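Here the structure comes first, spelled out in structure tokens, and everything after it is commentary.
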There are 2 protein chains.
Amino acid sequence: MKPIKLIIADDHELFRNGLNELLKKYDDVQVVALVEDGNELFQELEKHKDIAIVLLDITMPNMDGFQVLNALKSQNTNVKPIVISMHDEGNYIASCAKNGAYSYLLKNTDQDKLIKTIRIVNGGKKYFQPQIAEKMINYMSEQSVSENILSNKEKEVLGLISKGLTTKEIAKQLFVSSRTIETHRANIIKKLEVKNTAELIKKATEINLI
Amino acid sequence: MKPIKLIIADDHELFRNGLNELLKKYDDVQVVALVEDGNELFQELEKHKDIAIVLLDITMPNMDGFQVLNALKSQNTNVKPIVISMHDEGNYIASCAKNGAYSYLLKNTDQDKLIKTIRIVNGGKKYFQPQIAEKMINYMSEQSVSENILSNKEKEVLGLISKGLTTKEIAKQLFVSSRTIETHRANIIKKLEVKNTAELIKKATEINLI
DNA sequence: ATTTCAATCAGTATAAATACGGATGTTATT
DNA sequence: AATAACATCCGTATTTATACTGATTGAAAT
């Protein structure tokens, strides 16, 4: 049985070393390297091609955890990142999930949970604890409060704009004149307090209107 | 102790009635009405102002589950929707979570889980089972694969476009000519296979580029 | 050494969006 | 009954964006 090779990435030396000591107790886990930022991490990953897991802190200097997750995702590695963070805010968790984290643990997790998670993730499965998933879901649903600022017609027009239709095409499809659509567009832009269509679409997705 | 008042919304009569029978066993639950679409649901909600929970199917005629979730969210009711669906795809689950569902159950859930969920949700807490949360997380991370299709400059320009800056403003800020920015924009639009800036911004947010 | 590609700039022409105006009938709300 | 909000429509002028073709430089890859 080969051990699970992993790297610990955290800018706090005490935490890094403590975690290392802690994992020595488990025969099926082998800590290959300790690094303090994303740059060092990728150097180590170059050297060792058989790393299964990275225990990853979010707040690090130079290249932080989010950037690491992104970089790992765009490369086609089979390195599976487990985020270990002190932040339990939903937006952190959601961002990590979105960017390909295999798990999200808080720094006050007990070691049984940690080793359990490492073993599950090593098997290729993602594992988010119920409390963590709950925080994420709460965050996601909070994100959208505003629905009533736009009229139904405006929402409809907005939807078509976001599909890449031009004013003229929308007008044709809705059996009204282009002027009408232009007015709608202008009103929507005013209501959402943005400068132009590009920013409009961005804001609209942010507040869940499309 | 007051019973938990709830409404069942599902277009399949057999399922609706079966669920109703099933819930009769529990003294703390009172089924107030059975409806077969969103319109009927809101009529009943008008009549009964003390409904705590709606058991909601997604696929319904006239006004489907997503629309119901949205409508409930924009009103300020304290009706807490529990989605009961036969679809276990991540995108369904994520959409429901985003739109304010308090839970998401599959139609093959056993009744213990159902009543447990009803009681938790009645207490005002959201509850998503681990397997359900997992599917959602997998979906979320799948959503973004592409990072390397755009060059760094293109990503930078895209970011500025999404902030609502015009070509001229971007050119000024990056100390290059407007032509350059126009070319970048055109290349980005081509690479992401969209028609114009509006669709571009939408697609870019979908695949996590901004 | 050659190819490939990102980044830069150019001309010309058309299409589309934005900024100002202003108007009318309908529908909710109070 | 009055008011507000909405959806619909129109004009003019200016600014932006898009389409097409084409070019140069330098860096990276093969």
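Throughout, protein chains are lettered first and strands after them, A, B, ... in sequence-line order, and every chain is numbered starting at 1. Keep in mind the model is a prediction, meaning the values are calculated, not measured.
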In whole angstroms, how far is the [atom2] atom of [N] from the [atom1] atom of [X]?
X	N	atom1	atom2	answer
N152(A)	dA28(C)	CG	P	11 Å
I189(A)	dT16(D)	CD1	C1'	12 Å
K190(B)	dC5(C)	NZ	P	14 Å
I188(B)	dT18(D)	CD1	C1'	14 Å
E156(A)	dC6(D)	CD	P	16 Å
L150(B)	dC5(C)	CG	P	15 Å
L160(A)	dA17(C)	CG	C1'	17 Å
E199(B)	dA16(C)	CD	P	15 Å

- Message: With a cut-off of less than 4.0 Å, is there a side-chain N or O of K191(B) near OP1 or OP2 of dA6(C)?
- Response: yes
- Task: Go through residues 164-185 of chain A and report each residue with a non-hydrogen atom lying under 4.0 Å from DNA chain C, sorted by number.
- Result: T166(A), T167(A), K168(A), E182(A), R185(A)
Which atom names give the shortest non-hydrogen contact between [X] and [Y], and what distance separates them?
X	Y	answer
T167(A)	R185(A)	OG1-NH1, 2.8 Å
F42(B)	A71(B)	CZ-CB, 3.5 Å
L150(A)	K155(A)	O-CE, 3.4 Å

- Output yes when K107(A) and D57(A) qualify as a salt bridge under the 4.0 Å nitrogen-oxygen rule, no when they do not. yes
- Item | SB check K5(B) D50(B) (cutoff 4.0 Å) | yes
- Query: So do the side chains of Y92(B) and Y104(B) get within less than 4.5 Å of each other, counting heavy atoms only?
  - Reply: yes
- Would you say the side chain of L209(B) lies within less than 4.5 Å of the side chain of T205(B), judging by non-hydrogen atoms? no
- What nucleotide, of dA17(D), dC6(D), dT8(C), holds the atom closest to the side chain of K153(B)? dT8(C)
- Query: Of N187(B) and N196(B), whose nearest nucleotide on DNA chain C comes first from the 5' end?
  - Reply: N187(B)
